[in-house]
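See below for the structure under consideration.
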Amino acid sequence: MAVDLTPRQPAKAYGGEGGAYYEWSPAELPMLGVASIGAAKLSLAAGGMSLPSYSDSAKVAYVLQGKGTCGIVLPEATKEKVVAVKEGDALALPFGVVTWWHNTPESATELVVLFLGDTSKGHRPGQFTNFQLTGASGIFTGFSTEFVGRAWDLKEDDAAKLVSSQPASGIVKLSAGQKLPEPVDADRKDMALNCLEAKLDVDIPNGGRVVVLNTVNLPLVKEVGLGADLVRIDAHSMCSPGFSCDSAYQVTYIVRGSGRVQVVGPDGKRVLETRIEGGSLFIVPRFHVVSKIADASGMEWFSIITTPNPIFSHLAGKTSVWKAISPEVLEASFNTTPEMEKLFRSKRLDSEIFFAPN
């Protein structure tokens, strides 16, 4: 049975004065469940804080807007890393990592962070389950005061008071003057990569640019088990039809701009043809071929691929399979003339991946 691939926007899960947490549901975007991929977005107002939590899934976080601070406690670590984050930063968050996020009180913009990850080992395929350490829905609200007191070496009255002292759930707004740790420059090493400042892996004039996250420039990607990239294409440019060679799903979030996308599957069936715009998310099934064309505004997207070092095969351009196939095979395959084969092969000799408008 065909699965609906229509791009979707997220729905608000919870929030308050400090901000909100949004998520995409497999009920609305069925491919999330099929691919066991989770997708969510955190938006923090000025002074907002996302309380310490961990997840049942390994994730890649990408800062869509603003700047702030992320606290990270890796498994078995004795001290948290306090990382300054800003728009364009990508962070790999393996299993067991405890994180908190904060937007500075003086910030003029919201801090918005996208989370994409693998839920195959999680509680709900296609949806993250986050475990709060404090607050109204915190883990320790479920333990008896006897257990909490014994664990923390506190009197039961003190344990009860501490557990119940935070009435909010998940996201709070800090009081005026309340301070959090300052970021440490050294803590950014191997924890974050800014995709807007990193060396470009692909740079096509008037076409587009790509930065690829992999085990070389962000080592924790290996532990997360996901690859990722940031792609920016110019006005009316086309992204070559292509597919993932390693049985991976492509999960794409449109950061800004708009355009059109087509996805083709087995038997030459077009399984998706639609307009896409900023804020929407869609998933390309394994081995399906996808291509995009930007509108006049251009288009930017952030994607994860369900393998840490993805390999793609392109079906147009100078690196396409057509340039590698012999003329005789191409003629026979298309049932065409030598003249048409020569014309076909003479095109796109200097174009790779992105094609600027004629």
Side-chain angles (χ1 to χ4, degrees), residues 35 37 39 58-64 83 85-94 113-118 188-234 237-257 259 261 276 281-284 286-292 294 298-321 351-356:
I37 292 294
K59 306 174 183 176
V60 173
Y62 182 72
V63 181
L64 297 168
V83 179
V85 295
K86 63 180 181 180
E87 181 178 342
D89 276 349
L91 300 87
L93 304 174
V113 185
L114 173 72
F115 299 98
L116 301 173
D118 176 11
R188 269 189 72 90
K189 180 176 171 57
D190 294 335
M191 295 303 304
L193 176 75
N194 191 277
C195 298
L196 299 177
E197 299 172 355
K199 179 182 177 181
L200 296 172
D201 294 280
V202 177
D203 186 7
I204 308 296
N206 302 314
R209 292 149 296 285
V210 182
V211 170
V212 178
L213 274 68
N214 52 41
T215 55
V216 176
N217 55 21
L218 194 60
L220 280 177
V221 161
K222 183 177 182 180
E223 293 187 40
V224 172
L226 302 168
D229 57 26
L230 178 70
V231 180
R232 289 166 284 171
I233 62 175
D234 297 322
S237 287
M238 180 184 199
C239 182
S240 166
F243 64 95
S244 171
C245 299
D246 34 22
S247 188
Y249 292 96
Q250 301 175 57
V251 186
T252 299
Y253 175 85
I254 307 301
V255 177
R256 57 178 56 86
V261 60
I276 45 179
L281 182 108
F282 70 99
I283 299 175
V284 179
R286 292 180 295 182
F287 299 110
H288 284 50
V289 178
V290 58
S291 183
K292 309 177 190 74
M299 190 159 52
E300 178 178 335
W301 64 86
F302 185 81
S303 297
I304 65 164
I305 303 92
T306 55
T307 181
N309 292 297
I311 301 172
F312 288 94
S313 184
H314 294 279
L315 301 180
K318 70 177 184 179
T319 58
S320 75
V321 298
S351 303
E352 180 181 3
I353 304 179
F354 304 123
F355 310 137

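The figures here come from the full heavy-atom set of this structure, side chains too, leaving out hydrogens, waters and symmetry mates. Not measured: the values here are computed from a predicted model.
Rounding to the nearest 0.5 angstrom, the gap separating the CD atom in Gln250 from the CZ atom in Arg286 is 13.0 Å. Annotation: the span from Asp229 atom CG to Asn214 atom CG amounts to 10.5 Å, rounded to 0.5 Å. We find the NZ-CE distance between Lys292 and Met299 to be 6.5 Å, quoted to the nearest 0.5 Å. One distance of note links CZ of Phe354 with OG of Ser240; it measures 9.5 Å at 0.5 Å rounding. Separation of atoms CG (Leu281) and CD1 (Ile283) is listed at 6.0 Å; rounding is to 0.5 Å. In this structure, Leu114 CG and Leu116 CG are separated by 4.0 Å, a value rounded to the nearest 0.5 Å.
Contact check for Ser303 versus Tyr249: no side-chain heavy atoms found under the 4.5 Å cut-off. Glu300 has its side chain out of reach of Val231: every pair of non-hydrogen atoms, C-beta onward, lies at least 4.5 Å apart. Between Leu226 and Ile305, the closest side-chain pair of non-hydrogen atoms is not below 4.5 Å. Side-chain atoms of Ile37 and Ile304, non-hydrogen and from C-beta on, do get closer than 4.5 Å to each other. Proximity of Asp89 to Leu193: side-chain heavy atoms (C-beta onward) are nowhere separated by under 4.5 Å. For the pair Leu196/Leu230, a side-chain contact is recorded, criterion being any heavy-atom separation below 4.5 Å from C-beta on. The shortest distance between side-chain heavy atoms of Pro94 and Leu220 falls below 4.5 Å. Using a 4.5 Å heavy-atom cutoff, the side chains of Trp301 and Arg256 are not in contact.
Nearest heavy atoms, Thr307 versus Ala248: CG2-CB, 4.0 Å. Across all their heavy atoms, Ala90 and Cys195 have their closest contact at CB-SG, 4.0 Å. Across Pro308 and Val221, no two heavy atoms sit closer than the pair O-CG1, 3.9 Å. Across all non-hydrogen atoms, the minimal contact from Ala92 to Leu218 is N-CD2, 3.9 Å. Here the closest non-hydrogen pair linking Asn194 and Glu87 is ND2-O, 3.0 Å. The two residues Arg188 and Val85 have their closest heavy-atom pair at NH1-CA, 4.4 Å.
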Would you please test Leu64 and Val255 for side chain to side chain contact (heavy atoms under 4.5 Å, CB included) and show each step? CA-CA 7 Å; Leu64 297 168; Val255 177; 4.0 Å; yes
One pair to check against side chain to side chain contact (heavy atoms under 4.5 Å, CB included): Phe282 and Val261. What are the steps and the verdict? CA-CA 10 Å; Phe282 70 99; Val261 60; 4.0 Å; yes
Worked check of side chain to side chain contact (heavy atoms under 4.5 Å, CB included) between Arg232 and Leu200: CA-CA 11 Å; Arg232 289 166 284 171; Leu200 296 172; 3.8 Å; yes
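In summary, Arg209 and Asp234 engage in a salt bridge, as defined by a charged side-chain N under 4.0 Å from a carboxylate O.
Although no hydrogens or angles enter the test, the distance criterion places a donor-acceptor pair under 3.5 Å between the side chain of Ser291 and the main chain of Cys239. Side-chain N or O atoms of Ser320 include none that pairs as donor or acceptor with a backbone N or O of Leu315 at under 3.5 Å.
Between Phe287 and Phe243, the ring planes are tilted. Angles from 30° to 60° get that label.
Checked against the 6.0 Å centroid threshold, Tyr253 and Phe302 do not count as a close aromatic pair.
The number of heavy atoms from other shown groups lying within 6.0 Å of CG (Asn206) does not exceed 12.
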